[in-house]
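The structure appears right after this line, and notes come after that.
All chains are named by letter (A, B, ...) in the order of the sequence lines, taking the proteins before the strands, and each is independently numbered beginning at 1. Fair warning: this is a prediction, and the values are worked out from it, not measured in the lab.
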Amino acid sequence: MTGSKTFYLTTPIYYVNDVPHIGHAYTTLACDVLARFMRLDGYDVKFLTGTDEHGQKVEKSAMNAGIAPQEFTDRVSQNFRDLVSLMNYSNDDFIRTTEPRHIASVQELWRRLESAGEIYLGSYAGWYSVRDEAFYGEDELTTSPSGKKIAPTGAECEWVEEPSYFFRLSAWQDRLLEFYEQNPDFIAPAGKRNEVMAFVKSGLKDLSVSRTTFKWGIPVPGNPDHIMYVWLDALANYITAVGFPDESGEYARYWPANLHMVGKDILRFHAVYWPAFLMAAKLAPPKRVFAHGWWTIEGQKMSKSLGNVIAPETLVNTYGLDQTRYFLLREVPFGNDGDFSHKQMVQRINGNLANDYGNLVQRSLSMIGKNCGAAVPQPGAFTEADDALLGAARNLLPIVRAEFQAQAFHKALDAIWAVIGDGNRYVDEQAPWALKKTDPARMATVLYVLAETIRHLAILTQPIMPEASARILDQLAQGPDARGFDRLGAAGALVPGTPLPTPQGVFPRYVDEAKS
RNA sequence: GGCAGCGUAGCUCAGUGGUAGAGCAGGGGAAUCAUAAUCCCUUGGUCGGGGGUUCAAAUCCCUCCGCUGCUACCA
């Protein structure tokens, strides 16, 4: 056993009514690279993703499709399971909110909240638009000449009242603020933390947590006329997946979650409602919620009406899987909004991957293949320059680790690429092609230093680019058991004389189709 | 409207009191191991405008202009 070092991280569960796009792929990708990193770093990791399958919209979509809701969700949730293999995600579980384990979990959570006096039956009243399926505040509405209340969307609203259970969110305002104060890293990035705290400080109202207007959801225990509020249902997936209500097994090992990764649109649910629900049920709140930004496409907002929504499959087919993974995490400081453009993508592929990283690997391994009998060369004494490059490579782990722990993936990549740059400069300065004639022993040392540097780089790029990194490690004859972070440094140093396969390019240049 | 943040080289951004920086793009050169990839040098900014504090401000204060986010129950 690895012992006590565990790491539990989650993506949001995706609403099955959506078609997977770059945004979904991005969220799960960020979790995937973190999960891979932590595993390589010796942690016992649980990485969860899944689908949110209840709610009025799903019910309606199923009806329109002429099939039962369950059959409908079975069908469309497949889109998200396909995304897993397309993007090479390494999740340990895939949860669906229609599974029996989840229904049992949510109902138990409800019972605990109810028995703790945190839920009461009241009635929910407000201006409701049937067309928008949404309630509006009095101040958002305008009045038409005929006296009707009109929503900002132009839809007519009517005053409706329905019985509803409420969660006593108002009672948690101070305890939430105290929780944020005592856990300054709970919400990231910092700007988002300020927004959430401002929201909570502005005052919290009790939250309606049940509906009677549709059926497709989890019934309230003891009152099946009520369906649970979708967010209570959805958020609970994070404890369901670790076995709740059984608190002995995985729950004891993994809960509280180390990280909930979310898009910035659903931060409030995770940073306000969720810890309140959990604390009210006398369960531990998660350690951290990170809200990342949105992608625009060629400078424009992604939207169905603009027809510029990019399917992850298109990216992977056009640019390659690892190239896409690299771009999404390198191009934009994680947490910021970013823009996807073909030009930038090609820039990254050709500049960073083909020219910098790929070329360093290829030029080094190619010289070893041709001049060192296709085996790891035998080094002599190291010079200052050798030690400098090796030192930079060996010093990378603590830097990269710190950046990953802060989810600053772009900074981790910057640090790795700095060493790639060092490597290319070292090749030019040492000019092993000249040493070949003048000092073959020195050439062997230089090439050994390069191979050892590349080994470090490839081990560290595994989380971001699993396939390409594996191919580089293959070319260094490093087997599956030689790829963990415990092999960085002297512990895993290449053994001179080890036969190496013929090197092959790993990052091809992207050449645009000839314009017509 | 209120609260918060941003505005630095053509582009994307780093830099929070002490002589303006990086990557990419542009220009010149070197090298030839390598996916014509690499390496070196270099052009380029009155740090949004104005005012103030200070020996010294991109960095602190005030003000104006522009942009963005949040301001609860569609997920």
task = Determine the contact category for A/D52: base if any of its heavy atoms lies under 4.0 Å from a base atom, sugar-phosphate if only primed atoms, P, OP1 or OP2 are that close, otherwise nothing.
result = sugar-phosphate
remark   = Of A/N350 and A/K205, the one whose nearest nucleotide on RNA chain B sits closer to the 5' end is A/N350
ask   = NA contact type, A/L204, heavy-atom cut-off 4.0 Å: base, sugar-phosphate, or nothing?
value = base
ask   = Heavy atoms under 4.0 Å, any strand shown: does A/Y229 hit a base, just sugar-phosphate, or nothing?
value = sugar-phosphate
Pair A/T11, A/T28: side-chain N/O donor-acceptor within cut-off below 3.5 Å = no
remark   = Testing B/A72, B/C74, B/G69 for proximity to the side chain of A/K57, the answer is B/C74
message = As a test of reading the structure: which of B/U71, B/C73, B/A34 is closest to the side chain of A/Q362, going by heavy atoms?
response = B/A34
query = Would you call the rings of A/Y319 and A/H342 parallel, tilted or perpendicular if under 30° counts as parallel and over 60° as perpendicular?
reply = tilted
message = If you compare every side-chain N and O of A/W231 against the phosphate oxygens of B/A75 (OP1, OP2), does one of them come in below 4.0 Å?
response = yes
query = When we call it a touch if two heavy atoms are under 4.0 Å apart, what does A/N194 touch: a base, just sugar-phosphate, or nothing?
reply = nothing
query = Should the pair A/H21 and A/H24 be assigned to parallel (<30°), tilted (30 to 60°) or perpendicular (>60°) ring geometry?
reply = tilted
ask   = If you check the A/D428 side chain, which of B/U38, B/C74, B/C73 turns out closest?
value = B/U38
request  = Flag the pair A/Y26 / A/W295 as yes when their ring centroid distance falls below 6.0 Å, and as no otherwise.
outcome  = yes
key: Atom-pair distance (NZ on A/K192; C1' on B/C6), nearest Å   = 13 Å
task = Could you state the atom-to-atom distance from CD of A/E195 to P of B/G5 in whole Å?
result = 11 Å
message = I want to verify a distance call: between B/C70, B/U38, B/U32, whose nearest atom is closest to the A/W433 side chain?
response = B/U32
message = From C-beta outward on A/N424, which listed nucleotide comes closest to its side chain: B/U32, B/C39, B/A72?
response = B/C39
inquiry  = Between C1' on B/A75 and CG on A/L267, what's the gap in Å once rounded to a whole number?
reply    = 15 Å
Rounded distance (Å) that lies between atom C1' of B/C33 and atom CD1 of A/I454 = 12 Å
message = Rounding to an integer number of Å, can you tell me how far A/E429 CD sits from B/A30 P?
response = 19 Å
request  = Starting from the C-alpha separation in whole Å, work towards a yes-or-no answer on salt bridge (charged side-chain N to carboxylate O under 4.0 Å, His left out) for A/E452 and A/R455.
outcome  = CA-CA 5 Å; A/E452 183 62 5; A/R455 185 179 73 85; 2.8 Å; yes
query = Hey, does A/G358 reach any base, or is it just sugar-phosphate, or nothing, if we go heavy atoms under 4.0 Å?
reply = base
Minimum-distance nucleotide (side-chain atoms of A/R425 versus B/U38, B/C73, B/C40) = B/C40
task = Using atom CZ of A/F199 as one end and atom P of B/C3 as the other, report the distance to the nearest whole Å.
result = 18 Å
query = So what does A/D18 touch, heavy atoms closer than 4.0 Å: a base, only the sugar-phosphate, or nothing?
reply = nothing
inquiry  = Quick check for you: among B/G69, B/C73, B/C33, whose closest atom lies nearest to any side-chain atom of A/S208?
reply    = B/C73
request  = Please work out which of the three classes, parallel, tilted or perpendicular, describes the rings of A/W294 and A/H292, given edges at 30° and 60°.
outcome  = perpendicular
request  = May I ask you to say what A/V196 touches in the nucleic acid, namely base, sugar-phosphate or nothing, with a heavy-atom cut-off under 4.0 Å?
outcome  = nothing
request  = Could you state the atom-to-atom distance from CD1 of A/I227 to P of B/A75 in whole Å?
outcome  = 14 Å
message = Within the 4.0 Å heavy-atom criterion, would you say A/K370 contacts the bases, only the backbone, or no part of the nucleic acid?
response = sugar-phosphate
inquiry  = Taking donor-acceptor contacts at under 3.5 Å, does the side chain of A/N359 reach the base of B/A34?
reply    = yes
task = Among the candidates B/U38, B/U35, B/C73, find the nucleotide nearest to the side-chain atoms of A/A354.
result = B/U35
ask   = With the threshold set at 4.0 Å, does a side-chain nitrogen-carboxylate oxygen contact exist between A/R363 and A/D428?
value = yes
task = Name the closest nucleotide to the A/Y124 side chain, picking from B/A34, B/A75, B/C73.
result = B/C73
message = Please tell me if A/K343 has a side-chain N or O lying less than 4.0 Å from either OP1 or OP2 of B/C11.
response = no
task = Could you check how far CG of A/N336 sits from C1' of B/A14, rounded to whole Å?
result = 12 Å
key: Residue closer to the 5' end of RNA chain B, A/K264 versus A/S366 (nearest nucleotide)   = A/S366
request  = For A/G338, report the nucleic acid contact type (base, sugar-phosphate, nothing); a contact means any heavy atom under 4.0 Å.
outcome  = nothing
Options B/C33, B/A25, B/A75, nucleotide nearest the side-chain atoms of A/Q347 = B/A25
inquiry  = Base, sugar-phosphate or nothing for A/Y15? Non-hydrogen atoms, less than 4.0 Å.
reply    = sugar-phosphate
ask   = Do any side-chain nitrogens or oxygens of A/R509 fall under 4.0 Å of OP1 or OP2 in B/A37?
value = yes
request  = Fit a plane to each ring of A/W417 and A/Y326, take the angle between them on a 0 to 90° scale, and name the class: parallel (under 30°), tilted (30 to 60°) or perpendicular (over 60°).
outcome  = tilted
